[in-house]
Amino acid sequence: MNILITGFTPFGEVERNPSQLIVECLAERQPDLHTLVLPTEYHAAAEKLRAALRDWQPDAVVSLGVAQSRPAITLERIAINVDDASIPDNGGVLKTGDLIEPEGAIAYWSTLPLQPILSALQTRGIPAAISNHAGTYVCNHVFYTVRHYVEQHGLNIPCGFIHVPGLLKVDGETTTGMPLEQMVEAVEICLAVLRGDLRG
Ligand code: PCA
């Protein structure tokens with residue numbers, strides 16, 4: 001199975017983006033994967049992704065990003081047609097309620113097998129949950145862009161978005177985030193479910 005997996009560069013206050021580190025690690029561990037680290041910029045990320053979809057014609061697309069404040073791996077259910085964030089992207093672009101695709105649907109469902117992935121993760125003791133949407137910053141933009149491309153081109157492939165927590169941080173008594181190895185394990189479980197090698 002020809003799978004494209006994407007992550008993002010650092011942005012805002014995120015100095016090391018675990019989604020980038022996961023993708024780099026998987027590129028070494030699973031050389032058959034197509035991997036891509038996207039700039040955290042609305043326009044450039046979407047362009048780079050559309051080019052990859054055109055050139056590589058993947059059978060499935062899994063995009064990753066970090067949601068610093070979430071304690072678990074979150075499988076996103078819906079991509080929505082809006083860009084709206086209080087911080088600019090890495091290119092300095094600030095979006096306030098703009099449509100991503102003026103003629104596009106209001107929203108698209110993820111076409112990843114969310115429930116089987118969720119139960120595969122939870123069975124293996126990895127904190128995971130379904131999230132109803134991916135926010136309205138660059139992650140949602142990329143999720144929406146892939147789903148829109150797939151619909152426009154009549155492709156019937158699983159694709160969706162997964163947010164990971166921030167990297168593990170121990171600050172005195174307080175521990176936040178998740179170890180990188182556990183996130184890599186979680187994404188490998190998702191990929192195994194997608195390939196049909198693992199049941200939920
Ligand atoms: N997280 C941001 C954008 C890049 C990333 O890793 C988001 O949740 O939109």
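The chain is numbered in sequence order, starting from 1. The structure presented is a predicted model; accordingly, all values stated were derived computationally and were not measured. Indexing begins at 1, ligand by ligand and atom by atom, following the structure's order.
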Proximal atoms of ligand 1 relative to [X] (non-hydrogen, under 4.0 Å):
X	value
H163	7 (C), 8 (O)
G65	6 (O)
Y137	2 (C), 3 (C), 7 (C), 9 (O)

_Do I162 and C190 have side chains that approach each other closer than 4.5 Å (heavy atoms only, starting at C-beta)?_
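Sidechains of C190 and I162: in contact.
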
*asked:* So, applying side chain to side chain contact (heavy atoms under 4.5 Å, CB included) with Y144, which one of T136, N81, I80, V82 is it?
replied: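 So, applying the side chain to side chain contact (heavy atoms under 4.5 Å, CB included) to Y144 and each of T136, N81, I80, V82, only N81 qualifies.
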
*Heavy atom under 4.0 Å from ligand 1: found in N17's side chain, backbone, both, or neither?*
side chain

*Looking at atom 7 (C) of ligand 1, what's its closest protein heavy atom, distance included?*
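The protein heavy atom lying closest is C139 SG, 2.8 Å.
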
_A134 versus ligand 1: do any nitrogen or oxygen atoms come within less than 3.5 Å of each other?_
no

*Winner among N90, V164, V142, V66 once heavy atoms are compared against atom 1 (N) of ligand 1*: V66

*asked:* Tell me whether R124 is salt-bridged to E185, with the criterion being a basic N under 4.0 Å from an acidic carboxylate O.
replied: no

*Considering only NZ, NE, NH1 and NH2 on the basic side and carboxylate oxygens on the acidic side, decide whether E76 and R147 come within less than 4.0 Å.*
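R147 and E76: not salt-bridged.
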
*asked:* side-chain hydrogen bond (donor to acceptor under 3.5 Å, both in side chains) for N2 and H34? Distances and angles first, verdict last.
replied: CA-CA 7 Å; N2 186 15; H34 279 303; 3.3 Å; yes

*Would you confirm whether N17, through its side chain, and T9, through its main-chain N or O, come within 3.5 Å as a donor-acceptor pair?*
yes

